[in-house]
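Worksheet: the structure to be examined is printed underneath.
Convention: sequence-line order gives letters A, B, ...; per-chain numbering from 1.
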There are 2 protein chains.
Amino acid sequence: MTQPPSTSAPATAQDGPLPRQRRTYSIGELAKMFEVTTRTIRFYEQEGLLAPERRGQTRIYDEKDRVRLKLTLRGKRLGFSLAEIREVVMMYDAMPDGNRRQLRRLIEILTDKRRNLERQLEDIRLMQLELDDVERRARDVLASLGDSD
Amino acid sequence: MTQPPSTSAPATAQDGPLPRQRRTYSIGELAKMFEVTTRTIRFYEQEGLLAPERRGQTRIYDEKDRVRLKLTLRGKRLGFSLAEIREVVMMYDAMPDGNRRQLRRLIEILTDKRRNLERQLEDIRLMQLELDDVERRARDVLASLGDSD
DNA sequence: CAAGACCTTTACGTTAACGTAAACCTCGGC
DNA sequence: GCCGAGGTTTACGTTAACGTAAAGGTCTTG
C-alpha cells in the first residue's frame, strides 16, 4: 500500500450530529478485509447493493457500506441470490416512508426467508449426522487396516 | 400415469440375501417426489451422482438411488456444488477398499465440510437476528401509520 | 390402429456471478 | 520526471446447473 489506511480528515468542531467514528475505506481495503476481489465489490454496486460516495472517480466506502457488504456476503454463504438480498435491503431502506402494502410485503418476504433458514437448520442437523456416520465408518475401516498397507 | 407405481416383480423363493423392500422408481416418480424435473435427475446422472440400472433404454431407480438423490438435493440446499457432493459420495463408495491415504483424505474433507456447516449455523443465527430486527422495525412503522394512509 | 402418457438421446440456449484483459488516470516518493 | 501501487471504465469470457426444443421409441387403452 502506498498510502496509510485512509481515515477521514479530523472532525472539526462544528461537525454534524456527532459522527462518532467516521472511518472510511478504499475498495482495496474492503476487498482484503473480506477476502473478495475488487471486481466483486464493483459488481455488487452495479447490482444495486452498494452505493459508495465518490472522491473524483474514486469510490469511498463508509461504515454503512462495510456493513452492507458484510450482510451481503453472509447472505451469499447461506445460498441467497444477489437479487433476493437486494430485495430485502432495498425494502429496508425504503421502509420509513413505505406504505402499508409495501410494509406488509416486506414482512411477508421476511417470513419466507425465516422459513428458509429453519429448513436449512434442519438440513444442517441431518447433514451433520450423515457426516458423523461417514467419518465413523471411515475411521473403522482405517483401524481395521491394522498395520498392513 | 399410465402404469400403476412401479414395483418389482414379486420375489421368488430363491432370491438373493433377503431384499427386504425391493421397490423401484421411474424417473418421473422421483421427479414428482422431490419436485425436480427429469432433466435435473438425468443431469445428476451425467455428473456421476447417480447410476440407475436400465431395463432396455429406460432407467430404473432403486432405494439406494432415491437416498442418493435426497442427499444430493439436501447438499444443494446448503449451497454445496455438485462437484463437492460427488467428491464425498464417490469416496464413500470407494471406502471399503480404500487405502490409508484415501481414507485420511476423506476424513479431511469431512472435517472441512463440518467447519463449513458450523459457520453456516452461526450465519443463520446472525441472519435470524437481523430479520427479527428488520421485522420489528417494519411492524413499528406499520403501527405508527395509525389510521392514516 | 391411433392417441396419450411416458420414456429416450442430442444439442443448443440461458442465467448468475463473477474472472480476465486492455487501456487509462493519479498520486507520492526517489 | 518517471515508476509503482493503487484506482478507474469497458467489454468480452467462463462456469455451473440446469431449461428447452426436436425427433423419436414403447406400451396400453379406447
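- For the pair Q46(A) CD and dT8(D) P, the computed distance is 14 Å after rounding to whole Å.
- In this structure, CG of L49(A) is placed 10 Å from P of dC18(C), rounded to the nearest angstrom.
- Counted within 6.0 Å of CD on E35(B), heavy atoms from surrounding residues, nucleotides or ligands total 12 or fewer; the atom is thus considered open.
- Side-chain proximity of T40(B) to the nucleotides dT8(D), dG19(D), dA17(D) is greatest for dG19(D).
- In this structure, K70(A) fails the cation-pi test against F34(A), since its NZ or CZ atom is not both closer than 6.0 Å to the six-membered ring centre and inside 45 degrees of the ring normal.
- Note that the NZ atom of K64(B) and the CZ atom of R68(B) stand 4.5 Å from one another [nearest 0.5 Å].
- One finds the NZ atom of K32(A) at 11.5 Å from the OG1 atom of T38(A) (value rounded to the nearest 0.5 Å).
- Using a 4.0 Å heavy-atom cutoff across all strands shown, S81(A) reaches sugar-phosphate atoms only and no base atom.
- At the heavy-atom level, R55(A) lies nowhere under 4.0 Å from the strands shown.
- Where R39(A) and Q57(A) meet DNA chain D, the nucleotide closest to each residue was compared, and Q57(A) sits on the side nearer the 5' end.
- Both L82(A) and I27(B) sit near DNA chain C, but only I27(B) has its closest nucleotide nearer the 5' end.
- OP1 or OP2 of dC18(C) lies within a sub-4.0 Å distance of a side-chain N or O belonging to K76(A).
- Atom CZ of R54(B) and atom P of dT8(C) are 6 Å apart (whole Å).
- When the nucleotides dG19(C), dG7(D), dC18(C) are ranked by their closest atom to the side chain of T37(A), dG19(C) comes out on top.
- Whole-Å rounding puts the I60(A) CD1 to dT8(D) C1' distance at 13 Å.
- Rounded to whole Å, the distance from CD on E84(A) to P on dA16(C) is 12 Å.
- Counting only heavy atoms from C-beta on, T58(B) has its side chain closest to dT8(C) among dG19(D), dG7(D), dT8(C).
- The distance between atom CZ of R59(B) and atom P of dG25(D), rounded to the nearest whole Å, is 17 Å.
- Not one side-chain nitrogen or oxygen of Y44(A) sits closer than 4.0 Å to the OP1 or OP2 atom of dA17(C).
- Separating the CZ atom of R77(A) from the P atom of dC18(C) is a distance of 13 Å, rounded to the nearest angstrom.
- Within the model, atoms CG of L73(B) and CG of L78(B) stand 11.0 Å from one another, a figure rounded to the nearest 0.5 Å.
- Following rounding to the nearest Å, R86(B) (CZ) and dA16(D) (C1') show an atom-to-atom distance of 11 Å.
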